[in-house]
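Naming convention: chains lettered A, B, ... in sequence-line order (proteins, then strands); numbering from 1 in each chain.
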Amino acid sequence: MRQNKKIKFDEDGEIKEISGRIKTSRYGSFASKSKSTRRDYNHDSKQSSRREDKVVSHKPKTVRLDSEDDQNSDDDENHKLSRSDYLKMQMKARTLLVDRKKLPIYKAKNRLIPRIISSKVSIVIGETGSGKSTQVPQFLMKKVNGGIAVTQPRRVAAINLATRVAEEYGCPLGHEVGYSVRFSNVTSKKTKLRYLTDGMLLREMMLDPMMSKYSTIIVDEAHERTILTDLILGFLKGLILGKRKDDSDFRVIVMSATLDAEKFSQFFENAPIYYIEGRLFPVKRLYLQRSADDIIDDMVKAIIQVNQGERTGDILCFLPGQEDIDKVTSLLEKLAPELPKDAPLMVPLPLYAALPPHQQMKVFEKVKPRQRKVILSTNIAETSVTVPGIRYVIDSGLRKVKVWRHELGLSTLLTVPISKASAAQRTGRAGREAPGKCFRLYREKDYLKLCENTEPEILRSEIVSPVLMLKRLNVDDILGWYWIESPGKESLFSALRQLYSLNALSDSGSITSLGQKMVVLPVAPHLASVLIQAKEYGVLDPVVDIVSCLSVDNLLLTPSSEKRDEINIKRRDTCTLGSRYGDLLMLKELYDIYNGFSDVGECKHWCREIGVSYRGFRNVLRIRKQIASYMENIGGRSTHSQSDINDDIDDIDYSKPVDPSLILKSFLKGFITNSAIGMPDRSYRTVTTGDTISIHPSSLLFGKKVDAILYIEHVYTMKGYARNVSAIELEWLQEVAPHLLGSRISIQND
DNA sequence: CTGCATAAA
């Protein structure tokens with residue numbers, strides 16, 4: 001194995017040397033299998049490059065994404081069409097029809113649609129590019145009475161599909177075809193076909209369990225098996241067997257991209273399965289001949305090899321997390337200019353969710369000729385972000401996954417091998433526009449050992465919120481419910497216990513009026529209970545601010561290692577309450593400062609300096625508005641609210657000092673079990689199990705010693721960490737939960 | 001004493 005020898009350059013760390021040797025060993029480390037993942041359909045046709053769900057390439061058209069208000073365009077007078085506009089749309093629709101007719105699904109239309117209409121449940125398997133998400137709903141529009149709902153796991157997908165289908169149909173978005181996602185409802189009375197997120201449909205179910213406005217519900221991307229999709233499937237089964245059993249004008253269609261349709265079919269009592277071919281180009285798969293030892297090193301080597309050995313086309317690399325991505329990015333930045341000039345200059349581009357939006361957008365920008373984009377991505381590029389122009393995929397075969405341990409009451413973040421289905425999905429990313437190649441940084445025999453499918457989310461998550469939803473729909477027998485996959489007795493009981501201790505469930509196990517309020521709030525039940533408690537303490541306003549901050553992911557950016565200390569110091573200097581009381585109060589302070597800016601430029605500058613997301617805070621404002629209005633709706637006004645003095649809820653008196661102890665006590669009410677007591681040896685022990693827990697380095701309280709702490713999240717990585725930590729007093733614990741103490745106090749006295 | 005994958009209401 002002469003070639004194999006050449007790839008073993010781990011011993012010398014000299015970077016230049018590596019590049020020199022790689023040049024001669026053209027994919028020596030890969031065993032070519034020359035198998036294509038998917039069959040190849042008419043890729044000689046030019047038009048075939050249009051794909052069903054080029055989610056991101058449609059982005060410029062999705063103006064609505066940033067629309068601020070949640071206005072329902074119910075007023076038909078609002079969008080009177082001029083005759084010429086209407087004709088233009090019809091013309092456009094007619095030209096689009098030419099392309100539509102080339103989609104694989106078009107051929108099956110006449111056989112498929114009547115069968116779907118006449119059966120209660122159908123399973124439609126359509127691989128990427130089949131056109132199922134855009135075409136099946138349109139075909140049904142003309143044939144069925146009542147509304148059609150199509151659910152999507154992601155907002156952008158719902159918006160882009162609706163935008164596309166409205167064009168094809170020839171109507172303005174929001175007329176016959178519309179969409180409904182959080183903060184943006186573009187539908188009207190005449191809307192017949194509605195694309196919505198899973199979460200949106202579930203909300204509708206909470207409000208109208210009969211789903212009376214729909215005759216047809218299409219659950220798309222069911223193979224992803226998100227918690228929300230699983231819940232929808234269970235509820236729909238209940239509907240079909242229950243209240244809408246005899247409704248001949250009600251049907252469910254489950255759409256999936258992978259071949260594991262049997263499970264869905266069995267779940268729905270052997271519903272018929274229909275297969276529609278996809279339209280991906282062939283992708284050649286190549287495996288590493290040895291097993292990878294250092295994934296970062298192997299990734300860098302493979303990237304350089306592909307860049308020097310392969311023709312034009314961008315490279316997409318899958319790595320488990322931010323840390324690996326940043327390392328590879330900076331290595332490539334140093335290496336790229338030094339490499340032989342006969343290969344394109346590599347432009348490394350990181351891609352992960354925590355990246356600020358403007359940096360994420362860079363993957364869509366064009367590079368100069370003789371340059372090649374190398375995108376280093378987490379799983380985000382597997383489904384959520386589609387980058388055009390990718391011809392080569394390099395797959396580490398790894399991903400990070402959060403696993404909830406109900407028996408320990410904490411979650412762990414693990415790096416694990418992906419499934420075969422996931423490997424296929426990653427591979428397919430190279431075949432969207434032309435034939436491609438996928439370099440897998442693992443051996444074929446390791447590939448064969450992978451699980452067929454990724455474990456459904458519901459099996460490894462905390463399910464407090466799902467169980468509360470079931471209770472809202474009056475499900476008595478939680479264990480025997482229509483779980484497509486049951487999370488298990490232990491996990492269910494743990495959720496029931498937590499809901500009970502939050503007073504969301506009564507002694508008999510049915511939902512309480514408090515639980516009814518909690519289920520409609522767009523936050524986890526624990527936080528919902530905090531909000532309700534805050535109202536009683538008269539600190540609703542500041543707590544809504546803080547909860548809104550907690551609802552936005554990546555509001556606090558994780559700074560690069562060089563800037564880390566600098567930003568931490570800045571945060572401590574800026575937030576006096578935060579330094580004393582912890583991260584919850586810090587969020588409140590940051591929020592107030594953010595709102596104090598009159599100049600946008602200054603505000604953005606400040607955000608960068610202190611390591612927070614400008615866009616994130618804009619989302620905080622939207623969420624704050626939504627939560628505040630829900631809180632108004634569910635309970636009337638509280639008797640001794642601070643805002644009594646101010647009648648206008650939008651006009652908060654910032655001069656009034658907030659009371660940190662009442663704020664923190666509100667949080668303690670929802671997170672009693674997430675508290676720990678300081679030990680003499682500077683460690684902390686949880687009140688529930690007595691396990692040691694450390695304050696996460698991202699916390700303002702990191703390195704501080706306080707009597708007791710309250711934390712929003714407990715994660716186990718290298719060790720047990722408390723994330724988002726606040727300082728509390730021992731008396732508060734005794735006040736709120738005396739039963740949890742006692743034994744722990746004695747440890748401290750020892 | 002030192003660091004989180006993704007998505008949704």
Side-chain angles (χ1 to χ4, degrees), chain A residues 70 151-158 180-185 196-207 221 224-229 231-232 318-326 351-354 377-385 396 398-403 411-416 418 422 454 457 460-461 465-466 468-469 518-525 527-528 548 551-554 556-561 564-565 567-568 619 622-623 626-627 630 681-684 692-699 701-705 713 715-724:
Chain A
D70 187 9
T151 70
Q152 293 292 323
R154 284 167 292 280
R155 291 165 50 93
V156 261
S180 169
V181 301
R182 188 180 191 180
F183 303 126
S184 177
N185 181 1
L196 28 65
T197 44
D198 292 339
M200 234 11 186
L201 190 79
L202 272 170
R203 271 198 86 77
E204 292 187 359
M205 278 182 175
M206 296 299 115
L207 302 171
E221 311 285 6
E224 288 189 26
R225 301 293 309 275
T226 66
I227 293 178
L228 300 181
T229 304
L231 290 176
I232 288 174
F318 287 99
L319 284 159
Q322 175 175 349
E323 205 187 332
D324 317 278
I325 288 170
D326 289 343
L351 179 63
Y352 44 81
S377 174
T378 59
N379 241 359
I380 193 172
E382 197 178 298
T383 48
S384 307
V385 175
S396 67
L398 299 170
R399 65 165 185 150
K400 280 194 178 181
V401 63
K402 201 175 202 168
V403 179
S411 50
T412 51
L413 195 71
L414 304 169
T415 301
V416 297
I418 58 173
S422 181
T454 308
E457 216 181 357
R460 50 175 174 81
S461 307
S465 178
L468 187 58
M469 288 185 192
M518 286 163 63
V519 80
V520 298
L521 285 168
V523 294
L527 285 172
S548 303
S551 304
V552 171
D553 289 329
N554 308 311
L556 300 180
L557 305 171
T558 19
S560 61
S561 48
R564 207 137 72 182
D565 296 337
I567 281 181
N568 281 344
N619 285 328
R622 298 206 294 189
I623 293 173
Q626 191 186 38
I627 293 178
Y630 281 142
D681 65 349
R682 299 176 64 87
S683 71
Y684 293 88
T692 56
I693 188 169
S694 310
I695 297 176
H696 194 274
S698 63
S699 169
L701 291 186
F702 178 66
K704 290 213 175 169
K705 169 91 180 76
E713 211 186 349
V715 287
Y716 197 94
T717 47
M718 303 300 282
K719 56 180 179 176
Y721 281 113
R723 287 182 69 94
N724 198 318

Measure from the side chain of [X], starting at C-beta and using heavy atoms only, and say which of [options] lies closest.
X	options	result
Arg460(A)	dA9(B), dA5(B), dA7(B)	dA5(B)
Lys402(A)	dC1(B), dA8(B), dC4(B)	dC4(B)
Arg155(A)	dC4(B), dA8(B), dG3(B)	dA8(B)
Met200(A)	dA9(B), dT2(B), dA7(B)	dA9(B)
Pro522(A)	dA5(B), dA9(B), dG3(B)	dA9(B)
Arg182(A)	dA9(B), dG3(B), dA5(B)	dA9(B)
Ala353(A)	dT6(B), dA8(B), dG3(B)	dT6(B)

Contact class for [X] (heavy atom, under 4.0 Å): base, sugar-phosphate, or nothing?
X	result
Ser694(A)	nothing
Val523(A)	base
Arg682(A)	nothing
Glu713(A)	base
Lys704(A)	nothing
Thr717(A)	sugar-phosphate
Asn554(A)	nothing
Gly321(A)	sugar-phosphate
Arg154(A)	sugar-phosphate

What integer distance in Å separates [X]:[atom1] from [N]:[atom2]?
X	N	atom1	atom2	value
Ile695(A)	dC4(B)	CD1	P	16 Å
Gln626(A)	dA9(B)	CD	C1'	7 Å
Asn379(A)	dA7(B)	CG	P	10 Å
Lys719(A)	dC4(B)	NZ	C1'	17 Å
Asn568(A)	dC1(B)	CG	C1'	13 Å
Asn619(A)	dA7(B)	CG	P	13 Å
Lys400(A)	dT6(B)	NZ	P	10 Å
Glu382(A)	dT6(B)	CD	C1'	10 Å

OP1 or OP2 of [N] versus the side-chain N and O atoms of [X]: is any pair under 4.0 Å?
X	N	result
Ser384(A)	dT6(B)	no
Thr197(A)	dA9(B)	yes
Thr378(A)	dT6(B)	yes
Tyr352(A)	dA5(B)	no
Gln322(A)	dG3(B)	no

**Asked** Mapping Leu413(A) and Leu521(A) to their closest nucleotides on DNA chain B, which lands nearer the 5' end?
**Response**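 Of the two residues, Leu413(A) wins.
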**Asked** Between Thr229(A) and Glu221(A), do the side chains contain an N or O donor and an N or O acceptor separated by less than 3.5 Å?
**Response**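 Per modelled atom types, Thr229(A) and Glu221(A) side chains form no pair under 3.5 Å.
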**Asked** Does the side chain of Asn554(A) pick up a donor-acceptor pair with the side chain of Tyr352(A) at under 3.5 Å?
**Response**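 No, no side-chain donor-acceptor pair sits under 3.5 Å.
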**Item:** Glu323(A) CD: over 12 foreign heavy atoms closer than 6.0 Å
**Value:**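 No - once you tally the heavy atoms of other residues, nucleotides and ligands closer than 6.0 Å, there are 12 at most.
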**Message:** Closer than 4.0 angstrom, basic N to acidic O: yes or no for Arg154(A) and Glu224(A)?
**Reply:**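 Yes, Arg154(A) and Glu224(A) are salt-bridged.
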**Nearest atoms (heavy-atom pairs only) where Arg155(A) meets Phe183(A)** =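 Taking every non-hydrogen atom into account, NH1-CD1, 4.3 Å.
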**Heavy-atom side-chain contact between Lys402(A) and Thr412(A) under 4.5 Å** =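 In short, these two side chains do not touch, never coming nearer than 4.5 Å.
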**Request:** Evaluate the criterion side-chain contact (heavy atoms from CB on, under 4.5 Å) for residue pair Val520(A) and Arg203(A); output intermediate values, then yes/no.
**Result:** CA-CA 8 Å; Val520(A) 298; Arg203(A) 271 198 86 77; 4.2 Å; yes
